[in-house]
Amino acid sequence: MISVTPFQKRVYDATRRVPKGMVTTYAMIARRIGCGSARAVGQALRRNPFAPEVPCHRVIASDMTIGGFSGRTGGAQIRRKLRMLAAEGVVFKGGKLAEPSRLHRLDK
DNA sequence: AGACCCGGACGCG
DNA sequence: CGCGTCCGGGTCT
């Protein structure tokens, strides 16, 4: 089994830069690392060998939706994700981010 | 080589 | 505004 790939390393690095109380989108990370596919990012986050080190729960969809978590697009996992974000001050409303200002721009 | 993935954009209804 | 479809990049089997 292969360990962390260079691509994932970039994803984790970008994700780790997201400060508490803020969130990022897959597309943003993808763009930051020079990737045209947010899916690859989500996939990398899904594996996430660095659980507490890489806050994958701080990564949401570009539509400001909660996105997915642990390989699911809905369920208890998502609820947990929302709760973690809420604990950091990030609130979701109507299944979407209440305040877009919480978006952290890794890109430039 | 083929299938699978936590998305994104586009087009249509 | 909501749903359906295709695309793209990467990893895993």
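Just so you know, these numbers use all the heavy atoms, side chains as well, and skip hydrogens, waters and symmetry mates. The chains referred to below are lettered A, B, ... by the order of the sequence lines, with proteins before strands, and numbering in each begins at 1.
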* Quick one: is C:dT11 close enough that its OP1 or OP2 comes under 4.0 Å of any side-chain N or O from A:T5? ->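 For C:dT11, OP1/OP2 do have a side-chain N/O of A:T5 under 4.0 Å.
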* To do: Could you tell me whether the phosphate oxygens of B:dG8, OP1 or OP2, come under 4.0 Å of any side-chain nitrogen or oxygen in A:S62?
  =>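 For A:S62, the contact criterion (side-chain N or O under 4.0 Å from OP1 or OP2 of B:dG8) is met.
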Could you check how far [atom1] of [X] sits from [atom2] of [N], rounded to whole Å?
X: A:N48; N: B:dC5; atom1: CG; atom2: C1'; answer: 15 Å
X: A:I29; N: C:dG9; atom1: CD1; atom2: P; answer: 18 Å
X: A:Q8; N: C:dG9; atom1: CD; atom2: C1'; answer: 13 Å
X: A:R10; N: C:dT11; atom1: CZ; atom2: C1'; answer: 14 Å
X: A:K96; N: C:dG2; atom1: NZ; atom2: C1'; answer: 11 Å
X: A:K9; N: C:dG10; atom1: NZ; atom2: P; answer: 17 Å
X: A:Y12; N: C:dT11; atom1: OH; atom2: P; answer: 10 Å
X: A:R72; N: B:dG7; atom1: CZ; atom2: P; answer: 14 Å

* With a non-hydrogen cut-off below 4.0 angstrom, is A:G36 in contact with a base, only sugar-phosphate, or nothing? ->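 Result for A:G36 = sugar-phosphate.
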* **Distance-minimising heavy-atom pair for A:Q8 and A:V4** =>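 For A:Q8 versus A:V4, the nearest heavy atoms are CB-CG1, 4.1 Å.
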* Using heavy atoms and a sub-4.0 Å distance, could you list which residues of residues 39-46 of chain A are near DNA chain B? By number, please. =>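 Output list: A:R39, A:G42, A:Q43, A:L45, A:R46.
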* Minimum-distance nucleotide (side-chain atoms of A:T73 versus B:dG7, B:dG8, C:dT11) ->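 So the side chain of A:T73 is nearest to B:dG7.
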* **Exam field: side chain A:K81 to backbone A:G68, donor-acceptor pair closer than 3.5 Å** =>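 Between the backbone of A:G68 and the side chain of A:K81 there is a qualifying donor-acceptor contact (under 3.5 Å).
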* Asked: Sub-3.5 Å donor-acceptor pair from the side chain of A:R58 to the main-chain atoms of A:V18, do we have one?
  ->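 A pair under 3.5 Å: yes.
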* Watson-Crick or G-U wobble mate for C:dT5, both contacts under 3.5 Å -> B:dA9
* Could you state the interatomic distance from CD (A:Q43) to CZ (A:F7), rounded to the nearest 0.5 Å? -> 9.0 Å
* What is the distance from atom CZ of A:R105 to atom CE of A:M22, rounded to the nearest 0.5 Å? -> 11.0 Å
